[in-house]
There are 2 protein chains.
Amino acid sequence: MDKQTITIYDVAREASVSMATVSRVVNGNPNVKPATRKKVLEVIDRLDYRPNAVARGLASKKTTTVGVIIPDVTNIYFSSLARGIDDVATMYKYNIILANSDENGQKEVQVLNTLLAKQVDGVIFMGNQITDSIRAEFTRSKTPIVLAGSVDPEAQVASVNIDYVEAIEEATNTLIRHDNQKIAFVTGSLSEPINGQYRLKGYKKALAQAKIAYDPNLVFETEYSYKAGEAIWDRVKAAGATAAVIGDDELAIGLLNGAGDDDVNIPNDFELITSNDSKLTEISRPKMSSITQPLYDIGAVAMRLLTKMMNKEEIDNQTILLPYGIVERGTTK
Amino acid sequence: MDKQTITIYDVAREASVSMATVSRVVNGNPNVKPATRKKVLEVIDRLDYRPNAVARGLASKKTTTVGVIIPDVTNIYFSSLARGIDDVATMYKYNIILANSDENGQKEVQVLNTLLAKQVDGVIFMGNQITDSIRAEFTRSKTPIVLAGSVDPEAQVASVNIDYVEAIEEATNTLIRHDNQKIAFVTGSLSEPINGQYRLKGYKKALAQAKIAYDPNLVFETEYSYKAGEAIWDRVKAAGATAAVIGDDELAIGLLNGAGDDDVNIPNDFELITSNDSKLTEISRPKMSSITQPLYDIGAVAMRLLTKMMNKEEIDNQTILLPYGIVERGTTK
DNA sequence: AAAAGCTTTTAAAACGCTTGCATTTGTTTG
DNA sequence: CAAACAAATGCAAGCGTTTTAAAAGCTTTT
């Protein structure tokens, strides 16, 4: 009934060699006489033999598959990283098992476990919160893990990022230089280290340097979403801010549109700088000034780092910081 | 050295039962005496045993993994579908191997083959062109396949979509009702059936009904990208169009911004309707009128259909059409 | 208390490949 | 030309599960 699947054994028989030899030619092992290789290759072609990766994985204990845990593919920030990850994965002959986690700690643990059960050779984790339970799973397994665009304050697990402190500091400085005194800081949950520790620190540093008092009423904690941005505009306005540094592009464009719909002239009456320099910054009107960071590359470098770890190569530096910059577009004077 | 991996065998020994029994309790097979089940479960817990999915896959010939071929995760249209796919996959205990194809026929074939080598239980394919080589691979394998948001003119392979002909016809009609005589049709390559056969047909039908002559100079073939949209504005304008139906949201927002930057008043001087009702339609200013289609659901339903096929359930209808609508927002009068 | 019929459990054969070790074949060398 | 070494191949033991057929235990029935 079923299309009889043909195995390495069939090839071996037809080519009158051993399975070992067939395996060698399939894997490009050089210890095969060219004539033999040719003969085997012909049979493989004739029978249309396709090696079974599952059997391969079981025998070799390598699946050439890596797990990618992503909060939400639909968010351009993460999908940009994912694209970088996938491209270099492909380059190194790995496949990606993609799993959405919704930044939900429980799901993250769950998903991580099924990935490990599937014997992935490594995992790339995106998500702003390394909860204790996740960290526990990380350390429990011998599988290499790297964080992409996420930060581990303990610096225990490998990661690739930009320097969030400095980046936000510089963005805030830009706004200060433009004579803003009341600068809002709006971002995701402050319980996420990237916000509560890194970005906030940069924001405060810039203020301190300019001798501007830090005002907790100017920091806004919300979701990374367009709607949240639109919704928070009123509060930002009410707080008397004349500018804002924002931690996410979707959030920023929401705020921008919220202000615009409220007939606020941007950048004259209100300035803003966002954080991720995704496609969205070019799509909005005015275009958004932003911290620039190489999203694709963060993913790509993270995956590259992971390949090294999977290969048990010596790693000189576990936590890689990629360069960032600031582009001023239409939302700053 | 290596953390000694513990296997089903270890559990069997510790619980003094056979591997078969352990396997049964792990798989929830009812033929196990409650007392035995409990004993085994305790040992599993104590040893922290995790079944090896690869071995499982080899023995059972099921990997509970499906392959997803996507042109580009970074495109909101596709990532929305992907999100739907992943969610129901998770619901049915499947994992997703995600592979970017760049709509490139060669890559598609390549990727499909590695997915099949990995013994995925099914495949979801997104991409607007079912080339002959892809079709050949499809039919060659016994693995179930369904198209999501992509169309197979031959209707050989299962798919879930909306009725593109009618949808575009209706969108065009809307523009005609608003007294536009010169309506541009801008979309991706016409060699893709979705454009060249379906959408174009709907466009022409609407024109014919309104007794407006079809003018090939008003159809624009380009890429699905923001840049392409911006770039094509000049040509659309030069052609004298007063409105446009557009096949992709990124493309549409590009065109919209292109027009806006050219000081054209939208919707008064130029109207447009886009096709996918993604997040972008709410993000643009003015917000874009659009054909509404349930992107998430298309993915979800496609995956659901696939689960049925993998389960060898009887399928009543291979090609599912989901309902669409039209929302008029700010880019139409 | 033996026969019959269930319910549980076990033994062991797959599943399709990789890989360490042994063997065979081929090539140099002294 | 035998010895020594290198290259090419083969053997067979895994890899960690599932699954089928058979065996073992229990209950009922008679």
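The structure presented is a predicted model; accordingly, all values stated were derived computationally and were not measured. Note on naming: letters A, B, ... go to the chains in the order of the sequence lines (proteins, then strands), and numbering restarts at 1 for each one.
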Could you state the CG-P distance from A/Asn29 to D/dG10, rounded to the nearest angstrom?
13 Å
Tested for side chain to side chain contact (heavy atoms under 4.5 Å, CB included) against A/Ser159, the lone hit among A/Asp152, A/Leu305, A/Thr319 is A/Thr319
Looking only at side-chain atoms of A/Ala59, point me to the closest of D/dC11, C/dC17, D/dT18.
C/dC17
Grab the NZ-P distance between B/Lys62 and C/dG16 for me, whole Å please.
14 Å
Among the candidates D/dT9, C/dT9, D/dG16, find the nucleotide nearest to the side-chain atoms of B/Lys33.
C/dT9
Is any side-chain N or O of A/Thr7 closer than 4.0 Å to OP1 or OP2 of C/dG16?
no
Checking contacts here: which listed nucleotide (D/dA8, C/dC17, D/dG16) is nearest the side-chain heavy atoms of A/Thr36?
D/dA8
What is the separation between atom CD1 on B/Ile44 and atom C1' on D/dG16, rounded to the nearest whole Å?
14 Å
Side chain of B/Arg56, heavy atoms from C-beta onward: which of D/dC15, D/dT18, D/dG10 has the nearest atom to it?
D/dT18
Students often get this wrong, so: under 4.0 angstrom with heavy atoms, is B/Val26 touching a base, only sugar-phosphate, or nothing?
nothing
Under-4.0 Å salt bridge between B/Asp86 and B/Arg83:
no
Would you check if there is a donor-acceptor pair between the side chains of B/Tyr296 and B/Asp87 at a distance under 3.5 Å?
yes
Looking at the rings of B/Phe138 and B/Phe125, which for Trp means the six-membered one, are their centres under 6.0 Å apart?
yes
If you check every side-chain atom of B/Asn27, which of C/dC17, D/dT18, C/dT9 has the closest atom?
D/dT18
Does A/Thr5 put a side-chain nitrogen or oxygen below 4.0 Å from OP1 or OP2 of C/dG16?
yes
Nearest-Å distance for atom pair NZ/C1', residues B/Lys118 and C/dG16
16 Å
Of the candidate nucleotides D/dT17, C/dT19, C/dA11, which contains the atom at the shortest distance from the side chain of B/Ser18?
C/dA11
Closer to the 5' end of DNA chain D via nearest nucleotide, is it B/Arg50 or B/Arg24?
B/Arg50
Could you tell me how far apart B/Met19 (CE) and C/dT9 (P) are, to the nearest whole angstrom?
16 Å
Out of D/dG10, C/dT10, D/dT18, whichever nucleotide has its closest atom nearest the side chain of B/Val17
C/dT10
Options D/dT18, D/dG10, D/dG16, nucleotide nearest the side-chain atoms of B/Leu58
D/dG16
Please tell me if A/Lys61 has a side-chain N or O lying less than 4.0 Å from either OP1 or OP2 of D/dG16.
yes
For atom OH of A/Tyr49 and atom C1' of C/dG16, their distance in whole Å:
7 Å
Atom NZ of B/Lys38 to atom P of C/dT8: distance rounded to whole Å?
17 Å
Closer than 4.0 Å, any side-chain N/O of A/Tyr9 to the OP1 or OP2 of D/dA12?
no
Any ion pair linking B/Asp297 and B/Arg304 (charged N to carboxylate O, less than 4.0 Å)?
no
C/dC17 C1' sits how many Å from A/Ile6 CD1, rounded?
13 Å
How about A/Glu223: does its CD atom have over 12 heavy atoms from other parts shown lying under 6.0 Å from it?
no
Considering only C/dT10, D/dT9, D/dG16, which nucleotide approaches the side chain of A/Thr21 most closely?
D/dT9
For A/Asn31, report the nucleic acid contact type (base, sugar-phosphate, nothing); a contact means any heavy atom under 4.0 Å.
base
Scan B/Ser23 against the nucleic acid and name what it touches under 4.0 Å (heavy atoms): base, sugar-phosphate only, or nothing.
base
